[in-house]
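Indexing begins at 1, ligand by ligand and atom by atom, following the structure's order.
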Amino acid sequence: MRDDNCLFCKIVGGDIPSNKLYEDELCYAFYDIAPQAPTHFLVIPKDHIGSVAEVNGGNSAVVAHIFEVIPAIAKAEGLTNGYRVVSNCGPDACQSVPHLHFHILGGRKLGETMA
Ligand code: AMP
């Protein structure tokens, strides 16, 4: 289900342009507009889910699917030496877009701290 006020729903719908990497019936992947690593892309469910906090038994299949898609895209992007997967959830984690998304960061040795 789409949320017409949601930035990432608008990207999925093509109303806002994105640099698309991958798309299937369930998910959409695109480069982050403000990359924090040499390779930084986002993978999102096409249906609107606000954050990790809204994942439940009724919608969690897409999360499993996304975690199958991530390694395939990472491999295609040449992230052969590893990468980090991050999902910010809520204000304390500085989530800025309230549509579930997974950051994939790589292309260099990343920092050891996560917080
Ligand atoms: P978060 O802060 O975890 O909610 O991550 C949101 C991410 O979305 C940030 O890394 C932003 O740079 C990214 N972002 C925001 N708007 C766009 C956009 N139009 N296209 C691509 N990435 C975006």
Side-chain angles (χ1 to χ4, degrees):
M1 192 71 79
R2 172 182 168 139
D3 177 342
D4 286 336
N5 296 314
C6 171
L7 171 66
F8 285 177
C9 284
K10 289 177 183 171
I11 284 178
V12 169
D15 304 315
I16 291 177
S18 65
N19 199 350
K20 183 172 85 171
L21 268 164
Y22 174 83
E23 177 179 17
D24 62 28
E25 69 282 3
L26 295 176
C27 71
Y28 190 93
F30 55 107
Y31 288 109
D32 197 290
I33 202 168
Q36 296 189 37
T39 300
H40 183 178
F41 62 91
L42 304 171
V43 187
I44 67 175
K46 285 189 166 177
D47 282 345
H48 185 82
I49 300 172
S51 73
V52 168
E54 292 184 14
V55 174
N56 57 48
N59 62 19
S60 60
V62 72
V63 177
H65 178 69
I66 284 171
F67 274 83
E68 293 180 23
V69 164
I70 285 171
I73 303 176
K75 185 176 179 187
E77 286 294 289
L79 301 180
T80 53
N81 208 39
Y83 49 89
R84 184 167 288 157
V85 182
V86 175
S87 189
N88 295 319
C89 178
D92 276 5
C94 303
Q95 182 181 3
S96 61
V97 179
H99 181 124
L100 178 64
H101 53 281
F102 297 93
H103 297 258
I104 290 79
L105 302 130
R108 65 165 163 78
K109 178 82 171 175
L110 301 171
E112 292 185 358
T113 58
M114 289 213 280

Protein heavy-atom partner closest to atom 13 (C) of ligand 1 - residue, atom, separation in Å: Asp32 OD2, 3.3 Å
Val86-Ile70 co-clustered via ILVMFWY side chain contacts under 4.5 Å: no
Validation row: Leu79, Ile104 side chains within 4.5 angstrom (heavy atoms): yes
Element-labelled atoms of ligand 1 that are located less than 4.0 Å from some non-hydrogen atom of Ala34: 12 (O)
Side chain to side chain donor-acceptor pair (under 3.5 Å) between Glu77 and Tyr31, intermediate numbers included: CA-CA 11 Å; Glu77 286 294 289; Tyr31 288 109; 2.7 Å; yes
Heavy-atom gap Ser18 to ligand 1 smaller than 4.0 Å: no
Tyr31: numbered ligand 1 atoms lying under 4.0 Å from its heavy atoms: 21 (C)
Heavy-atom side-chain contact between Val62 and Leu100 under 4.5 Å: no
Atom indices of ligand 1 within 4.0 angstrom of Gln95 heavy atoms, with elements: 4 (O)
Phe8 and His101 aromatic ring geometry - parallel, tilted or perpendicular at 30°/60° bounds: perpendicular
Option whose closest heavy atom lies nearest to atom 3 (O) of ligand 1, chosen from Asn88, Ile33, Leu105: Asn88
Exceeds 12 heavy-atom contacts within 6.0 angstrom, atom CG of Asn81: no
Close approach of Asn19 to ligand 1, heavy atoms, under 4.0 angstrom: no
His103 touching ligand 1 at heavy-atom level, < 4.0 angstrom: yes
Close-contact set for ligand 1 against Cys94 heavy atoms, below 4.0 Å: 2 (O)
Close-contact set for ligand 1 against Ile11 heavy atoms, below 4.0 Å: 18 (C), 19 (N), 20 (N)
